[in-house]
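A short worksheet on the structure shown next.
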Number of protein chains: 2
Amino acid sequence: MNQPIHLKSAGLKSTLPRIRVLNLFESSDEHHLSAEDVYKKLLATGDDVGLATVYRVLIQFEQAGLLVRHNFAGDKSVFELNQGKHHDHIVCLQCHRVEEFYDATIESRQNKAAAERGFTVQDHSLNIYANCIKPKCPNKPR
Amino acid sequence: MNQPIHLKSAGLKSTLPRIRVLNLFESSDEHHLSAEDVYKKLLATGDDVGLATVYRVLIQFEQAGLLVRHNFAGDKSVFELNQGKHHDHIVCLQCHRVEEFYDATIESRQNKAAAERGFTVQDHSLNIYANCIKPKCPNKPR
DNA sequence: GAATGTGATGTTAATGATAATCATTCCTAT
DNA sequence: ATAGGAATGATTATCATTAACATCACATTC
Ligand SMILES: [Mn+2]
Ligand SMILES: [Mn+2]
Ligand SMILES: [Zn+2]
Ligand SMILES: [Zn+2]
């Protein structure tokens with residue numbers, strides 16, 4: 001048995017496609033993956049899973065709290081393992097590299113802004129779009 | 001002549017469809033509008049404009065700096081007039097009302113976070129998803 | 001350990017938002 | 001008023017995502 005632990009405790013039946021998708025997220029170094037990313041990576045390793053199933057499993061994992069969904073710049077959704085530590089993202093417009101950050105002051109001021117206006121915060125999304133100047137960046141045109 | 005001022009100074013030829021779209025944004029009380037919103041509102045007033053043209057004009061206005069685009073929760077894009085004053089948004093998950101806010105501390109800490117990591121900020125998007133408790137909110141289920 | 005019923009899967013078709021085509025029409029500068 | 005290039009609109013295409021539905025696999029019972 002692989003990690004039926006997570007799946008069962010998440011209220012999900014332990015099936016081969018779900019185990020494969022979960023394994024992928026746990027083993028991949030790229031940890032922000034789109035449905036297409038997941039589909040292709042599983043194809044490449046022979047751990048074939050139907051595309052519709054990938055989409056379904058991602059939604060289920062998100063609802064179960066195993067994955068977190070992000071939408072960068074209106075593009076396709078990307079998912080990452082929910083490590084319990086919320087963070088926001090900086091996305092390089094050139095190489096699409098994603099870096100994570102957390103700023104407690106930003107978080108608390110968001111809550112303050114919402115509360116002052118009579119809102120009960122459910123969620124938020126903060127993405128910074130930038131150009132990275134690190135050597136890693138191929139700086140390919142968009 | 002309507003407001004060929006804006007259009008010309010933005011480097012855009014003054015055409016009837018563009019004037020109509022611009023007028024709509026300048027006169028509508030709802031100031032966050034999707035392409036479909038624009039299309040339907042123009043239909044309703046008889047100021048008919050093709051849907052493809054609406055999409056094109058919105059892109060052109062965005063590139064010209066007349067409009068700003070937002071993507072709330074991965075949904076369809078919405079646009080608003082660029083008043084030169086950047087702000088972020090709180091979106092009610094129930095009635096979809098959008099409220100605007102600006103927090104200088106949040107802005108500066110974003111820049112700091114990006115700079116510390118070697119990024120040159122080009123843009124950012126901060127959306128708070130919440131439930132509003134004001135009487136205005138019909139609190140319709142999503 | 002085999003039967004069994006429900007829920008999961010995969011193939012395929014449908015959606016919805018947006019972009020691309022292309023023939024026709026409209027601005028703007030002669 | 002004319003001419004040439006840009007803009008428009010009807011239509012088709014694309015892309016990500018979801019829906020349908022027949023088949024298959026898990027988990028539980030016998
Ligand atoms: Mn992340
Ligand atoms: Mn706004
Ligand atoms: Zn980069
Ligand atoms: Zn509301």
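Chain A is the first sequence line, chain B the second, and so forth, proteins listed ahead of strands; every chain is numbered from 1. In this text the structure is predicted, and so the values were computed from the model without any measurement. The basis for the numbers below is simple: all heavy atoms, side chains too, and nothing from hydrogens, waters or symmetry mates.
The side chain of B:Ser14 places no N or O atom within less than 4.0 Å of a non-bridging phosphate oxygen (OP1 or OP2) of C:dC27. Between A:Lys13 and C:dG7, a side-chain N or O to OP1/OP2 separation shorter than 4.0 Å is absent. Note on A:Ser77: a side-chain N or O is less than 4.0 Å away from OP1 or OP2 of D:dT17. Taking 4.0 angstrom as the limit, A:Tyr55 places none of its side-chain polar atoms (N or O) nearer than this to OP1 or OP2 of D:dT18.
Atom CG in B:Leu7 sits roughly 15 Å away from atom C1' in C:dC26 (whole-Å rounding). Separating the CG atom of A:Asp75 from the P atom of C:dA17 is a distance of 17 Å, rounded to the nearest angstrom. Per the geometry, CZ belonging to A:Arg20 stands 17 Å off P belonging to C:dA8, to the nearest Å. Going from atom CG of B:Asp48 over to atom P of D:dA7 covers 20 Å, rounded to whole Å. The OH-C1' distance, from A:Tyr39 to C:dT11, rounds to 10 Å in whole Å. C:dA8 atom P lies 9 Å from atom CZ of A:Arg56, rounded to whole Å. Counting to the nearest Å, the P atom of C:dG7 and the NZ atom of A:Lys8 are 17 Å from each other. Remark: C1' of C:dT6 and CG of A:Leu12 are 15 Å apart, rounded to the nearest angstrom.
Taking the side chain as every heavy atom from C-beta outward, A:Leu58 and A:Phe25 approach each other to under 4.5 Å. Proximity of B:Cys132 to B:Arg97: side-chain heavy atoms (C-beta onward) are separated by under 4.5 Å at one or more points.
B:Thr15 comes within 4.0 angstrom of the backbone, heavy atoms only, and of no base. No contact: A:Leu58 has no heavy atom under 4.0 Å from any strand.
Among D:dT8, C:dC27, D:dA16, the nucleotide with an atom closest to any side-chain atom of A:Lys76 is D:dA16.
Under the 3.5 Å distance criterion, with hydrogens and angles disregarded, a donor-acceptor pair is assigned to the side chains of A:His32 and A:Glu100.
When each of A:Ala52 and B:Leu51 is assigned the nucleotide of DNA chain C bearing its nearest heavy atom, the one mapping closer to the 5' terminus is A:Ala52.
Side-chain heavy atoms closer than 4.5 Å link hydrophobic residues (I, L, V, M, F, W, Y) into clusters, and following such links, even through other members, never connects A:Leu126 to A:Val78.
When ring centroids are compared, B:His89 and B:Phe72 come within the 6.0 Å threshold.
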